[in-house]
Amino acid sequence: MSNKQTLTIALHLSLSLAAAFSPPSAYHAAIRQSSALPVASSSTPITSPINNDDDPLWWKDFQLNDSTLAPSVLNDFPILSTQFDKDGKISQDGNKRLVYLDSAATSQKPTAVTDALTRYYEHANSNVHRGAHALSREATEQYESARDKVASFINANSRNEIVFTSGATEAINLVAMSLSHTCGRAPSNARELYLQEGDEIVISEAEHHSNIVPWQMVAQRTGAILKYVPACSITGGFDLDAFKELIGPNTKFVSVQHVSNVLGNINPIESIVTIVRSDAAPGAKIMLDACQSVPHMNVDVQALGVDFIAASGHKLCAPTGIGFLWGKESILNSMAPYKGGGEMIDEVYMDHSTYAPAPSRFEAGTPAIAQAIGLGAAIDYITNIGMDRIHDYEVELADYLRRRLEDVDGVTVLGPPVGVERAALCAFVTEAVHPSDLGTFLDVEGVAIRAGHHCCQPLHRALGYSHSARASLYFYNTKEDVDDFIKALEDTLKFFGSLGGEDDAAESGDDDAFVPLF
């Protein structure tokens with residue numbers, strides 16, 4: 001019995017137990033119909049030769065402007081040549097190829113990065129900074145060179161503004177914990193930044209959990225007040241008018257995403273910064289979660305006008321376990337360290353310690369040396385291709401994916417409408433099948449997507465869904481990847497439709513209680 005036959009039998013059982021996928025509640029549907037909230041975005045309309053109004057097969061003749069980019073790099077990513085047999089198992093003699101559409105979760109790694117890791121471990125492996133021998137000097141040089149590369153990549157004012165972290169989650173937590181370590185009490189150092197009772201922190205309902213939960217902890221620890229910008233009930237986009245109403249003289253910290261990992265919309269950072277600098281408390285700080293922007297577009301921290309950005313390396317073709325916090329050097333040096341140990345000290349006595357300046361004060365212990373070197377290699381690789389070229393290619397490919405999904409019956413795409421610039425991802429829902437089951441069936445066909453709430457439960461609730469499926473792209477994806485995905489999606493939806501029983505399942509409306517069998 002094949003995997004697909006097994007899945008079919010299991011699916012018949014699951015359909016009798018719970019909803020395949022719960023559509024939005026009547027409440028949320030009414031909210032969406034009545035909503036007139038103005039939603040701002042830095043996204044712009046796309047001038048595209050695509051016109052699918054009259055010809056349902058328009059996509060067959062469509063060509064990307066830079067159709068040579070992805071084919072020119074595919075050999076740099078050996079994993080993308082993975083094949084699968086008829087049961088969806090990895091096989092050297094498979095008849096199905098991998099279509100990897102999950103780069104918003106993590107990108108694949110080019111040989112330039114994996115080779116850099118191998119070279120480090122085979123020829124330079126040592127601890128950094130304090131060793132007097134040649135290996136330590138070489139490891140230190142490579143590690144600190146990676147810091148220089150990150151600083152240049154985002155146009156930091158100084159290499160001292162780059163703090164290596166395990167990822168964006170740690171970067172956000174670093175700032176949150178540093179500002180709240182006194183639990184709201186005034187620190188002994190009058191120059192030290194801190195949050196206290198009555199201070200206001202503003203985030204948005206569309207944030208990734210890593211930009212929500214740390215601030216909830218800060219509010220509980222300090223007595224600060226956490227406020228959020230409600231997601232637009234139509235698109236989920238950023239509501240500038242609601243944001244402006246939340247910003248006032250007690251606003252001390254604002255933390256928002258640059259690009260949504262669910263909606264794909266690009267937030268209006270220039271307008272956000274202008275409002276904060278005009279209406280918030282003097283010295284209020286702004287942080288960007290830049291996980292979905294740094295890998296895909298030019299990010300110039302000096303031009304953005306914010307105080308911090310957090311980014312992960314593994315979405316940028318770098319290894320897992322490495323990311324960075326960028327912060328203005330003067331601000332970093334006015335923050336307390338949040339971890340203690342070696343490397344981050346100036347002098348240690350038995351009754352007190354003094355701390356090194358940034359970035360060392362935030363890098364206690366042995367760092368992720370190999371991972372940082374891998375991040376530097378990834379930046380070299382991306383820079384060699386050209387970020388402008390990558391961005392332009394992804395804008396067009398994302399628009400193509402959005403338009404192809406628009407043509408699939410029964411699919412609702414979340415986020416900006418067709419023709420508006422979005423990041424290279426599309427989250428979508430369908431009443432015919434739960435996202436988890438959809439992901440499982442597509443996997444059998446060699447298509448890798450993400451299914452779930454994508455660490456954005458509040459956003460999904462605001463839109464009236466508990467989960468969604470997400471296809472996300474990177475510069476190594478091709479038009480053919482999108483076409484193969486759409487074909488597999490359409491075939492899967494037809495298969496589920498042929499089973500019957502969707503109406504009875506949907507009427508149960510209990511999607512939160514539904515646990516996929518796969």
Side-chain angles (χ1 to χ4, degrees), residues 40-42 154-158 161-163 165 168-180 192-196 199-208 210-216 218-219 222 224-229 237-260 265-294 297-311 323-335 358 362:
S41 172
S42 61
I154 62 170
N155 194 31
N157 189 56
S158 165
E161 297 180 333
I162 305 301
V163 178
T165 64
T169 297
E170 187 186 15
I172 294 171
N173 275 272
L174 185 162
V175 176
M177 296 305 105
S178 175
L179 297 181
S180 63
E192 183 180 308
L193 288 180
Y194 72 104
L195 292 169
Q196 61 184 339
D199 288 346
E200 294 177 357
I201 306 163
V202 178
I203 60 175
S204 84
E205 195 173 19
E207 301 303 316
H208 189 281
S210 62
N211 201 27
I212 297 176
V213 178
W215 302 112
Q216 292 174 338
V218 168
T222 65
I225 300 167
L226 181 61
K227 297 183 174 182
Y228 67 90
V229 182
F238 197 92
D239 184 350
L240 271 178
D241 288 342
F243 177 71
K244 187 174 178 62
E245 291 180 4
L246 292 176
I247 301 299
N250 292 324
T251 304
K252 295 294 181 65
F253 206 94
V254 173
S255 190
V256 294
Q257 59 195 184
H258 195 176
V259 173
S260 171
N265 62 296
I266 305 166
N267 280 335
I269 302 305
E270 182 177 357
S271 297
I272 290 171
V273 170
T274 298
I275 291 170
V276 173
R277 300 306 185 211
S278 299
D279 300 338
K285 302 298 184 283
I286 306 171
M287 185 171 199
L288 286 188
D289 170 1
C291 284
Q292 300 296 338
S293 58
V294 165
M297 62 181 69
N298 277 311
V299 172
D300 182 334
V301 294
Q302 296 190 59
L304 284 171
V306 300
D307 302 294
F308 304 95
I309 72 166
F324 65 89
L325 169 72
W326 168 82
K328 293 178 179 177
E329 188 171 4
S330 60
I331 296 176
L332 291 175
N333 284 325
S334 66
M335 292 166 53
F362 301 110

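Below, each value reflects all heavy atoms present in this structure, side chains not excepted, and no hydrogens, waters or symmetry copies.
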Can you give me every donor-acceptor pair (side chain of residues 245-253, partner residue at least two apart or in another chain, under 3.5 Å) with its distance?
unit_1	atom_1	unit_2	atom_2	d
Thr251	OG1	Gly248	N	2.9
Thr251	OG1	Gly248	O	3.2
Lys252	NZ	Asp199	OD1	2.8

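Taking 4.5 Å as the limit, every side-chain heavy atom of Val306 sits out of range of all side-chain heavy atoms of Lys328. Between Asn267 and His258 there is no side-chain heavy-atom pair separated by less than 4.5 Å. Proximity of Asn157 to Gln302: side-chain heavy atoms (C-beta onward) are separated by under 4.5 Å at one or more points. Between Phe243 and Ile275, the closest side-chain pair of non-hydrogen atoms falls below 4.5 Å. By the 4.5 Å heavy-atom criterion applied to side chains, Val256 and Asp289 are not counted as neighbours.
Remark: Glu205 CD to Phe238 CZ distance equals 12.0 Å, nearest 0.5 Å. Rounded to the nearest 0.5 angstrom, Met335 CE and Ile331 CD1 are separated by 8.5 Å. In this structure, the separation between CD1 on Ile309 and CG on Leu288 is 7.0 Å, given to the nearest 0.5 Å. Once rounded to the nearest 0.5 Å, the distance linking OG of Ser334 with CD of Glu192 reads 8.0 Å. For the atom pair CG of Asn333 and CG of Leu193, the computed distance is 10.5 Å after rounding to the nearest 0.5 Å. We find the CH2-CD1 distance between Trp215 and Ile201 to be 6.0 Å, quoted to the nearest 0.5 Å.
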For Phe308 and Ile286: C-alpha separation, side-chain torsions, deciding distance, then whether side-chain contact (heavy atoms from CB on, under 4.5 Å) applies. CA-CA 6 Å; Phe308 304 95; Ile286 306 171; over 6 Å; no

Could you check Asn298 against Asp300 for side chain to side chain donor-acceptor pair (under 3.5 Å), going step by step and ending with a plain yes or no? CA-CA 6 Å; Asn298 277 311; Asp300 182 334; over 6 Å; no

With side-chain contact (heavy atoms from CB on, under 4.5 Å) as the test, would you mind laying out the steps for Ile203 and Ile212 before giving the verdict? CA-CA 7 Å; Ile203 60 175; Ile212 297 176; 4.0 Å; yes

With side-chain contact (heavy atoms from CB on, under 4.5 Å) as the test, would you mind laying out the steps for Ser180 and Leu195 before giving the verdict? CA-CA 6 Å; Ser180 63; Leu195 292 169; 5.6 Å; no

Check the pair Trp326, Val163 against side-chain contact (heavy atoms from CB on, under 4.5 Å), reporting the backbone distance first and the verdict last. CA-CA 6 Å; Trp326 168 82; Val163 178; over 6 Å; no

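Of all non-hydrogen atoms in Phe324 and Ala171, the two that sit nearest each other are O-CB, 3.8 Å. Nearest heavy-atom pair across Ile172 and Ser210 is CG2-O, 3.5 Å. When every heavy atom of Val218 is checked against every heavy atom of Met177, the shortest pair comes out as CG2-CE, 4.3 Å. Shown here for Val276 and Ala284, the closest heavy-atom pair between the two residues is CG1-CB, 4.3 Å. Ala310 and Ala168 make their closest contact through CB-O, 4.0 Å (heavy atoms, listed as atom of the first residue, atom of the second, distance). Gly327 and Leu332 get closest at one heavy-atom pair: O-CD1, 3.4 Å.
A donor-acceptor pair is defined here as one N or O able to donate and one able to accept, closer than 3.5 Å; such a pair exists between the side chain of Lys285 and the backbone of Gly283. Put simply, the side chain of Ser178 never gets that close to the backbone of Val175: no donor and acceptor are under 3.5 Å apart.
Residues passing the side chain to side chain donor-acceptor pair (under 3.5 Å) test with Glu207 are Ser204, Asn211, sequence neighbours excluded.
The salt bridge (Lys or Arg N to Asp or Glu O under 4.0 Å) pairs that include a residue from residues 272-283 are Lys244-Asp279, Arg277-Asp307, where partners are two or more places apart or lie in different chains.
Around atom CD of Glu270, no more than 12 heavy atoms belonging to other residues, nucleotides or ligands sit under 6.0 Å away.
Only one option out of Gln257, Gln292, Met297 pairs with Ile266 in a side chain to side chain contact (heavy atoms under 4.5 Å, CB included); it is Met297.
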